[in-house]
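Okay, structure first, notes after.
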Number of protein chains: 2
Amino acid sequence: MEVHQQVVSGAGGESARCGAGLVSAAGKVRGAVAAFGAKLGKIARDDPRRVAHSLKVGLALTLVSVLYYVRPIFNNWGVSTMWAVLTVVVVMEYTVGGTLIKGLNRAFATLLAGFIAVGAHKVAYLCGNHGEPVVLAIFVFLLASAATFSRFIPEVKARYDYGVTIFILTFSLVAVSSYRVEELIRLAHQRFSTIAIGVATCLFTAIFVCPVWAGEDLHNLAAANLDKLADFLEGLESECFRENAPGENLESKPFLQVYKSVLNSKAIEDSLCNFAKWEPGHGNFYFRYPWGLYQKLGALSRQCASSMQALASYIITLTKSQYPEANMELCLKVRTACGEMSLNSAKALRELSEAIQTMTAPSPARTHMSAAIRAAKGLRAELSQDADLAKVMHVAVIASLLSELVTQTKKIAESVDNLARAAQFKDPEDTQKDVVINVAS
Amino acid sequence: MEVHQQVVSGAGGESARCGAGLVSAAGKVRGAVAAFGAKLGKIARDDPRRVAHSLKVGLALTLVSVLYYVRPIFNNWGVSTMWAVLTVVVVMEYTVGGTLIKGLNRAFATLLAGFIAVGAHKVAYLCGNHGEPVVLAIFVFLLASAATFSRFIPEVKARYDYGVTIFILTFSLVAVSSYRVEELIRLAHQRFSTIAIGVATCLFTAIFVCPVWAGEDLHNLAAANLDKLADFLEGLESECFRENAPGENLESKPFLQVYKSVLNSKAIEDSLCNFAKWEPGHGNFYFRYPWGLYQKLGALSRQCASSMQALASYIITLTKSQYPEANMELCLKVRTACGEMSLNSAKALRELSEAIQTMTAPSPARTHMSAAIRAAKGLRAELSQDADLAKVMHVAVIASLLSELVTQTKKIAESVDNLARAAQFKDPEDTQKDVVINVAS
């Protein structure tokens, strides 16, 4: 700062402005760095296991690079040592299950492709000096094409995608190298050993140093999703159905956003479940734990969130249209029943979430769940007493939901208009004119 | 078959049974092979570009493996030729954009990591013979940890995830090798050249042989999603709101399933959009085409599908509870209005989908859209005439949606019960006993 001050005082207006510019630029840079640091800090605080994972990757790489520094090991394997480093970098995943899947895929695909490639080499060798590269090229083309096509099979894509990549890679490398390398078997053996060492290093670090289990994450995700659904219902009760509920400016309330992350949880859930199935037993989770049930629970949670979205969008429209509040007796009853339904459902969901968290079977009494069902039944009975009302109510509900759909369709139309304008879609009138001209000419 | 026949006739009962077993096993195998073939055929017919992509990968690999067969090239690069093959296998993606992103990530990350690694080698070299491996190991540990942590930053994860992997890989390989390899610069140069050749081969094949553009797929996905939404509304109109609509066994109707794929389209849409932004202009799509708008449209489509799911679940519950059909005048009016709303919204959505497909600005007249809005408004006015009804209708809609949520919560509770049983959660009573014993002892 002092240096800057001197520059400013010692020079003319131009320099002063320049100095001020420098100071402000330095301030901006400092601000940006501080903001970036804060962002990194938040990422680390949100889940401290991220820091542990980063250090684990560093550790595994350092461990495996020792192979290079120890002369007898390096002299034995030579350049193949590289494959151990390469394996650690690509196999090390955040969760134990992810690392295990990638490691096993890599090891088995390498082994299988190595055997086939050596066989292909033997066949090509029979075709003489000129025929060999041609036969090898044909083998590579056919196997790479077939293996790539197999990745479009959903079951292969889900489980063995990485394995197929490694299969193509190893087959091509070994088959093509066989044209140049004399001691093919020794090379293949070296490569497999170094890859196995890389995989073992990864697994050791993943399992024994602060392990992150995909199964545990999946378990916690299920409980967290139920909590979010409960948050929505609690917010609804306190903002809309209480006696002196404000019922205004609902759109900005956080509870109307909370279910959104549940809606988008399918991808992470599927991958965690895929990983969890490969993990050995840990903590309360044994091997062959029924992980698939979490996917079923997740699907139901998402459907619930979907209904919440529909309800939220209806409530927001209602608030906006400022419909005159009806004060009749029935409305009060309906309101009370709504409050009971949402509060008791929320409590039931919290109980279920807690049951999952503590791994205790949920209480069979289900007081909250039955209270919610009772409120829903009571309301239905109440509404059925007024025959006219009951008759029309169901169609009215469908009509209301449909008119919501109409509003959403209108939004879609506006969005397509925006797109048409931004992307300069053709003008339909111009097209018609063109047609007319074409016909006329 | 003849051979089998002979074996069966020439041997005793045991052999006959064995032969029959063999025949049936052969039949089963033949059946399984035929089923697998049919499955592959379906995958190929569903999108013939998949076959083209598989052949393209084979072609690119064969092209790049020529480097091995041509003696002057091989003598120049030696073992580094391998990196060209490796690059083709891992960089070649289904779409042009995907290949471009991976290729650029790979090339730039290699270049950057190579420079830093050579610098690290120079620093380590100053530390003498004993210090060098220690300093190198520290560098590898620090850079690998820092780079791994950067992958948790969402922006880095979305765009440069692959680049960071390659950065760690190259840095570790070059830095660690530098302890053994004399001609480090030459090695780094060779590696970069071969990787560049691999990337160039991939890009050439991806762009010039039957290209699959992510942008085009994203564009078609947007239109297809709108068509699916229209399918739902059309199905609803013909099955529920027509005069002699069956309105039974709705659950099995395909139109009630069609929106589900729209709900899960976010992941593929996001990745296609990410790829499309990198693609050069092609067909009607110029470079810097407003791809982001497709994501906005997609979000609206998914919200619409979400409302459809709520509506569908309500309609199915209604059909199951066999609510006595009300025949009063108002009900008929509501029904007609519902039919008009769904049919006109469906037509509007079809128009929008066609506008996207043909890249023609949607007609500003919007006859269908305004007819749907008119029907919705008319219905609202109709219902408002009956003051009592109007007052209670809105709360009734919310109550109905909420009681749907209660039903869904019940399903979630059952699902958690299943999980608790299958995963042998603790019994809450046992836990309480434990507590009592602990207190007593």
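Every chain is numbered from 1, with letters handed out A, B, ... down the list of sequences.
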All ring-ring contact (aromatic ring centres under 6.0 Å, His included) counterparts of A:F285, not counting sequence neighbours: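 Checked A:F285 against ring-ring contact (aromatic ring centres under 6.0 Å, His included); matches are A:H219, A:H282, A:Y289, A:W291.
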
OH of A:Y286: more than 12 outside heavy atoms within 6.0 angstrom?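 Yes, OH of A:Y286 has more than 12 neighbouring heavy atoms, counting only those of other groups under 6.0 Å.
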
Under 4.5 Å from a heavy atom of chain A, the part of [X] involved:
X	result
B:I138	neither
B:L233	side chain
B:K39	side chain
B:K411	both
B:L236	side chain
B:L40	both
B:A146	neither
B:D46	neither
B:L59	both
B:T358	backbone
B:M92	neither
B:M369	side chain

With only heavy atoms counted, which part of [X] is less than 4.5 Å from chain B, the side chain, the backbone, both or neither?
X	answer
A:A147	neither
A:L226	side chain
A:V51	both
A:A337	neither
A:K266	side chain
A:I153	both

Non-hydrogen side-chain atoms of A:V85 and A:V88 separated by less than 4.5 Å: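 They are not in contact (no side-chain heavy atoms under 4.5 Å apart), so the answer is no.
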
So how far is it from [X] [atom1] to [Y] [atom2], rounded to the nearest 0.5 Å?
X	Y	atom1	atom2	result
B:L263	B:Q303	CG	CD	11.0 Å
B:T360	A:K426	OG1	NZ	4.5 Å
B:S415	A:L300	OG	CG	5.0 Å

What option among [options] has the most heavy-atom pairs under 4.5 Å with chain A?
options	answer
B:V66, B:I412, B:L405	B:I412
B:L352, B:L379, B:L142	B:L352
B:V140, B:V90, B:T170, B:N264	B:N264
B:L169, B:L86, B:T165, B:L297	B:L169
B:A375, B:P290, B:S301	B:P290

If you count heavy-atom pairs within less than 4.5 Å of chain B, which of [options] leads?
options	answer
A:K56, A:Q424, A:E414, A:Q309	A:Q309
A:A376, A:A137, A:A144	A:A137
A:L293, A:L349, A:L311, A:V57	A:L311
A:A305, A:A413, A:A60, A:A299	A:A413
A:S65, A:A423, A:A422	A:A423
A:S403, A:A310, A:C304	A:C304

Nearest atoms (heavy-atom pairs only) where [X] meets [Y]:
X	Y	result
A:F425	B:A355	CE2-O, 3.9 Å
A:D47	A:Y94	OD2-OH, 3.2 Å
A:G58	A:T62	O-OG1, 2.6 Å
A:A175	A:L136	O-CD1, 3.5 Å
B:P362	A:A420	CD-CB, 3.8 Å
B:S172	A:L61	OG-CD1, 3.4 Å

Under a plain distance cut-off of 3.5 Å, with no hydrogens placed, do B:S307 and A:E404 share a side-chain donor-acceptor pair?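 Side-chain D/A pair, A:E404 to B:S307: absent.
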
Do A:T148 and B:S54 pair up side chain to side chain, a donor and an acceptor below 3.5 Å, judged on atom types alone?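 No donor-acceptor contact under 3.5 Å links the two side chains.
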
Verify, without hydrogens or angle tests, whether [X] (side chain) and [Y] (backbone) share a donor-acceptor contact under 3.5 angstrom.
X	Y	result
A:S306	A:R302	no
B:R50	A:F152	no
B:S345	B:S342	no

